[in-house]
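Data block below; observations after.
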Amino acid sequence: MARALTITLATARGLTTLVRALPDGLSRPWARTNHAGRPVTLLEGPVVVGAALAGVLAGPAPRSTAVLVTLAPGVLGGVDDLAGDSTTKGLRGHLGALRSGRITTGALKVGGLGAVAMVAALMESASTTKGEGSPPSWLVAGAPRTSGRRLRQAVVDSVLIAGSANLINLLDLRPGRALKVTTAVGAVLLVPAGSRPVAAALVGAAGVLPEDLAGESMLGDCGANALGALLGLALVRGTDPRGRLVAAGVVTGLTLVSERVSFTRVIESTPVLREIDAWGRPQ
């Protein structure tokens, strides 16, 4: 755990220094203006993806699912960052565009995240049920019933992974907000042994927090989707089936609520949340 956390943190700081030295032609496509009207770079996203991958690869096996849920959502988010239509926002906006016959990069990303999450959930199910010398499932009494139960669990897990990827992206609207959530939840998930290696990469990704809090850089879809999906995987590995069902319900509920209620407005009108949200930002 300590090795994965340290490598993630060190990689995050090293890549942050590296992207600062990029020529203008490479950094310009990632330049944006934040909520306060100040220039900000989305290159924090690729930095976080690279750092998280380094941490995951430094951890114990199995690593393939964690690599998948870090890299694929990061690529999908990066495409949306660079080529996305900024006038179409939210799940409702992208679905509305689809109904009118227009396919947005955001809609493609939503579909891609769902597919990646389902593959990841099935991989997790296979890795936890496969054993040396186990007979084929069709020779085992009650196998159809067991397979059906595993499939239902995989659906719940996929909702949790894809939903978390989307939810963290929804939180990336103010400096440090999304990273505070992934770091805090990741720290809690360091306790269960199953989620510890993935959680270490989540916590180590906080190495980009100084620039994020300063309003110099932000995760963008690339970083937020990657960290969110990794967070979802950590929840899958660190909680029992009932806990995953509750978590998937909370994530889905918050996503639906976000279509009508501003998270920023709720946070700013709640003193405790407002103080936590503002912590670390320049006055």
Side-chain angles (χ1 to χ4, degrees), residues 9 12-13 16 19-20 27 30-49 51-52 73-74 77-78 80-82 84-94 106 109 113 163-188 202-232 250-251 253-283:
L9 184 61
R13 294 314 308 162
T16 297
V19 298
R20 283 177 173 170
S27 61
W30 299 89
R32 297 292 185 275
T33 302
N34 68 7
H35 72 286
R38 296 171 184 161
V40 66
T41 180
L42 300 183
L43 279 168
E44 182 182 305
V47 166
V48 160
V49 171
D80 202 25
D81 281 335
L82 294 174
D85 177 9
S86 60
T87 62
T88 305
K89 295 184 179 295
L91 187 60
R92 185 166 52 178
H94 293 299
K109 184 186 72 172
L113 287 175
S164 297
N166 185 62
L167 182 60
I168 297 303
N169 193 27
L170 294 174
L171 293 172
D172 189 36
L173 295 176
R174 293 294 184 273
R177 181 180 294 172
L179 279 169
K180 287 174 186 176
V181 172
T182 57
T183 304
V185 179
V188 173
L202 280 170
V203 175
V208 300
L209 196 52
E211 289 76 16
D212 197 302
L213 285 169
E216 298 172 5
S217 63
M218 60 187 295
L219 290 169
D221 288 20
C222 176
N225 287 154
L227 284 187
L230 197 60
L231 177 62
V250 170
V251 167
L254 288 173
T255 301
L256 294 175
V257 166
S258 72
E259 294 293 324
R260 296 185 176 275
V261 179
S262 166
F263 286 164
T264 296
R265 189 174 302 168
V266 172
I267 290 170
E268 291 180 348
S269 63
T270 308
V272 173
L273 294 179
R274 184 173 64 244
E275 290 300 316
I276 294 173
D277 191 49
W279 176 83
R281 294 177 192 157
Q283 299 297 320

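The chain is numbered in sequence order, starting from 1.
Expressed to the nearest 0.5 Å, how far CG of Asp80 lies from CG of Asn225 amounts to 8.0 Å. Atoms CZ and CG, from Phe263 and Leu173 in turn, are 9.5 Å apart once rounded to the nearest 0.5 Å. Rounded to the nearest 0.5 Å, atoms CG (Leu230) and CG (Leu202) are 4.5 Å apart. To the nearest 0.5 angstrom, Leu42 atom CG is 8.0 Å from Leu82 atom CG. One finds the SG atom of Cys222 at 11.0 Å from the CG atom of Asp172 (value rounded to the nearest 0.5 Å). From Thr182, atom OG1 reaches atom CG of Leu171 across 9.5 Å, with rounding to the nearest 0.5 Å.
A salt bridge links Asp221 to Lys109: one of the charged nitrogens lies within less than 4.0 Å of a carboxylate oxygen.
A 6.0 Å sphere centred on CZ of Arg38 holds no more than 12 heavy atoms belonging to other residues, nucleotides or ligands.
Counting heavy atoms from C-beta on, the side chains of Arg20 and Ser27 never come closer than 4.5 Å. The side-chain heavy atoms of Thr41 and Glu211, taken from C-beta on, include no pair separated by under 4.5 Å. Taking the side chain as every heavy atom from C-beta outward, Arg281 and Arg174 approach each other to under 4.5 Å. Inter-residue side-chain proximity for Leu213 and Lys180 is flagged as met; some heavy-atom pair is nearer than 4.5 Å. Between Thr264 and Ile267, the closest side-chain pair of non-hydrogen atoms is not below 4.5 Å.
The backbone N or O of Leu273 sits nowhere less than 3.5 Å from a side-chain atom of Thr270 that would complete a donor-acceptor pair. Although no hydrogens or angles enter the test, the distance criterion places a donor-acceptor pair under 3.5 Å between the side chain of Arg13 and the main chain of Gly207. Asn34 places no side-chain N or O within 3.5 Å of a backbone atom of Val40 that could act as its donor or acceptor partner.
The minimum heavy-atom distance linking Thr255 with Ser258 is given by the pair O-OG, 2.5 Å. When all heavy atoms are compared, the tightest approach of Val47 to Ala12 is CG1-O, 3.6 Å.
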